[in-house]
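Structure first, then comments.
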Amino acid sequence: MDNTKLVGIAVRSLAVAVMLGAGWLACAQDGKTAYPNMAPVDQYLMEDRSSEIALARSAAPESISRDATILVLGRHGYETAEKGKNGFVCIVERSWTAPLDDPNFWNPKLRGPLCLNAAAARTYLPRTIRKTELILAGQTKAQMVEAVTAAIDKNELPAIEPGAMCFMLSKQGYLSDRDGHWHPHLMFFLSQADPGEWGADLPGSPILAFHATWERLTTFLVPVRRWSDGTEDR
């Protein structure tokens with residue numbers, strides 16, 4: 001895949017994001033969504049622990065994920081399945097880490113494998129863990145937002161550390177009903193960054209951005225050419 005094709009993927013993806021944004025607004029206006037509420041907890045869990053471990057590892061190349069710490073989801077939150085030694089942490093996120101207005105926010109089918117570097121494991125991962133514990137304890141979306149915001153204000157959850165990033169290179173992921181596993185990409189996490197400074201979301205730019213002002217988090221997505229197994233994105 002050449003650079004022109006890669007940029008094309010990003011531009012088409014941005015167009016999809018714009019269309020999806022219009023769809024989300026329509027859903028909000030008429031109050032209809034396929035997933036209006038949280039499903040039973042069992043639907044978010046994976047019965048086979050070894051399958052979740054393998055899915056988590058598939059987020060990054062084997063040279064990285066083989067020595068990473070692996071977390072799996074239990075009934076009350078994430079648990080350490082395997083202790084690593086290279087500072088990376090691989091995990092399969094569930095739907096409640098999606099943007100608040102995402103119609104897939106409660107979609108029990110979503111599985112987002114990602115492998116976080118040490119900086120992200122120290123400062124981004126605690127947010128995923130806290131959100132998950134709150135949701136599994138029966139908190140509503142609004143209550144989760146209130147609790148996480150308060151924790152950030154009190155520095156109970158740290159600001160995002162410079163250099164925080166993760167790999168999302170799994171073919172086996174399921175990121176939305178519309179896009180499935182989408183494209184292999186890297187994600188970079190920053191505290192309240194200006195997407196324009198990265199050239200994100202501009203015509204022809206391969207960089208996309210999500211700006212979650214409520215948790216002071218900007219996430220940049222950069223599509224790459226290959227999945228974690230080395231095959232090219234097509």
Side-chain angles (χ1 to χ4, degrees), residues 38-98 104-139 144 147-148 151 156-158 160-161 163-176 180-182 184-189 215 217 219 221 224 226-231:
M38 185 176 179
V41 172
D42 283 345
Q43 294 186 30
Y44 298 96
L45 301 176
M46 294 180 65
E47 292 183 10
D48 185 355
R49 188 181 181 93
S50 62
S51 293
E52 183 158 0
I53 291 172
L55 182 58
R57 288 194 190 280
S58 72
E62 193 266 344
S63 60
I64 294 170
S65 63
R66 68 185 174 205
D67 291 325
T69 292
I70 308 297
L71 303 186
V72 298
L73 185 64
R75 288 191 169 276
H76 303 289
Y78 282 100
E79 307 165 354
T80 300
E82 296 186 8
K83 184 68 175 176
K85 57 183 180 181
N86 65 358
F88 282 82
V89 178
C90 298
I91 184 174
V92 181
E93 288 191 329
R94 300 318 201 262
S95 59
W96 46 76
T97 60
N104 287 281
F105 187 87
W106 294 118
N107 186 345
K109 294 179 289 184
L110 262 61
R111 301 287 185 270
L114 50 87
C115 206
L116 303 146
N117 72 351
R122 288 190 293 265
T123 56
Y124 171 83
L125 180 59
R127 300 184 183 207
T128 292
I129 290 173
R130 183 70 62 91
K131 292 173 186 177
T132 300
E133 291 173 345
L134 290 165
I135 292 298
L136 294 181
Q139 299 291 293
M144 180 271 287
V148 170
E156 295 173 358
L157 290 174
I160 301 299
E161 188 176 319
M165 59 80 65
C166 77
F167 294 86
M168 289 196 76
L169 309 180
S170 176
K171 278 184 179 178
Q172 290 73 49
Y174 190 86
L175 306 184
S176 75
H181 53 43
W182 197 57
H185 59 284
L186 307 179
M187 295 202 302
F188 298 86
F189 307 106
E215 60 175 320
L217 174 67
T219 303
L221 289 74
V224 295
R226 292 180 175 85
W227 300 101
S228 61
D229 62 5
T231 58

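Under the rule for a ring-ring contact (aromatic ring centres under 6.0 Å, His included), the partners of Trp227 that lie at least two apart in sequence or sit in another chain are His181. Take Thr97 and apply the side-chain contact (heavy atoms from CB on, under 4.5 Å) test, not counting sequence neighbours, and it matches Glu93, Thr128. In terms of the side-chain hydrogen bond (donor to acceptor under 3.5 Å, both in side chains) criterion, residue partners of Glu215 (sequence neighbours excluded) are, by chain and number, Arg127, Lys131.
Cys pair Cys90 and Cys115 passes the test of SG atoms under 2.5 Å apart.
Residues Arg75 and Leu45 are in side-chain contact: their nearest non-hydrogen atoms beyond the backbone lie under 4.5 Å apart. Contact check for Val224 versus Pro184: side-chain heavy atoms found under the 4.5 Å cut-off. Under the 4.5 Å side-chain criterion, counting only non-hydrogen atoms from C-beta, Ile135 is not in contact with Arg94.
To the nearest 0.5 angstrom, Leu221 atom CG is 4.5 Å from His185 atom NE2. Within the model, atoms NZ of Lys83 and CG of Leu71 stand 9.0 Å from one another, a figure rounded to the nearest 0.5 Å. Taking CZ from Phe189 and CD1 from Ile160, the interatomic distance works out to 7.5 Å, rounded to the nearest 0.5 Å. The line from CD of Gln43 to NZ of Lys109 is 10.5 Å long, rounded to the nearest 0.5 Å. Summarising the geometry, atom CG belonging to Leu175 is positioned 6.5 Å from atom CG belonging to Leu110; distances are rounded to the nearest 0.5 Å. We find the OG1-CD1 distance between Thr132 and Ile91 to be 6.5 Å, quoted to the nearest 0.5 Å.
At least one donor-acceptor pair closer than 3.5 Å links the side chain of Asn117 to the backbone N or O of Gly163. The backbone N or O of Lys85 lies less than 3.5 Å from no partner atom in the side chain of Asp67, so there is not a single donor-acceptor pair. For Asn107 (side chain) and Ser176 (main-chain N/O), no donor-acceptor pair under 3.5 Å exists by modelled atom type. Of the possible polar contacts, one joining the Tyr44 side chain to the Trp106 backbone as a donor-acceptor pair under 3.5 Å is found. Although no hydrogens or angles enter the test, the distance criterion places no donor-acceptor pair under 3.5 Å between the side chain of Arg49 and the main chain of Glu47.
Heavy atoms only, all atoms of each residue included: Met165 and Leu186 are closest at CE-CD2, 4.3 Å. Met168 approaches Leu114 most closely through the heavy-atom pair CG-CB, 3.7 Å. Looking at every heavy atom in both residues, Leu55 comes nearest to Arg111 through CD2-CB, 4.0 Å. Annotation for His76 and Leu136: closest pair C-CD1, 3.7 Å, computed over non-hydrogen atoms. Closest approach of Ala59 to Ser228, counting heavy atoms only: C-CB, 4.4 Å. Pairing each heavy atom of Ala121 with each of Leu116, the nearest pair is N-CB, 4.1 Å.
Tyr124 pairs with exactly one of Val89, Leu217, Leu157 by the side chain to side chain contact (heavy atoms under 4.5 Å, CB included) rule, that one being Leu217.
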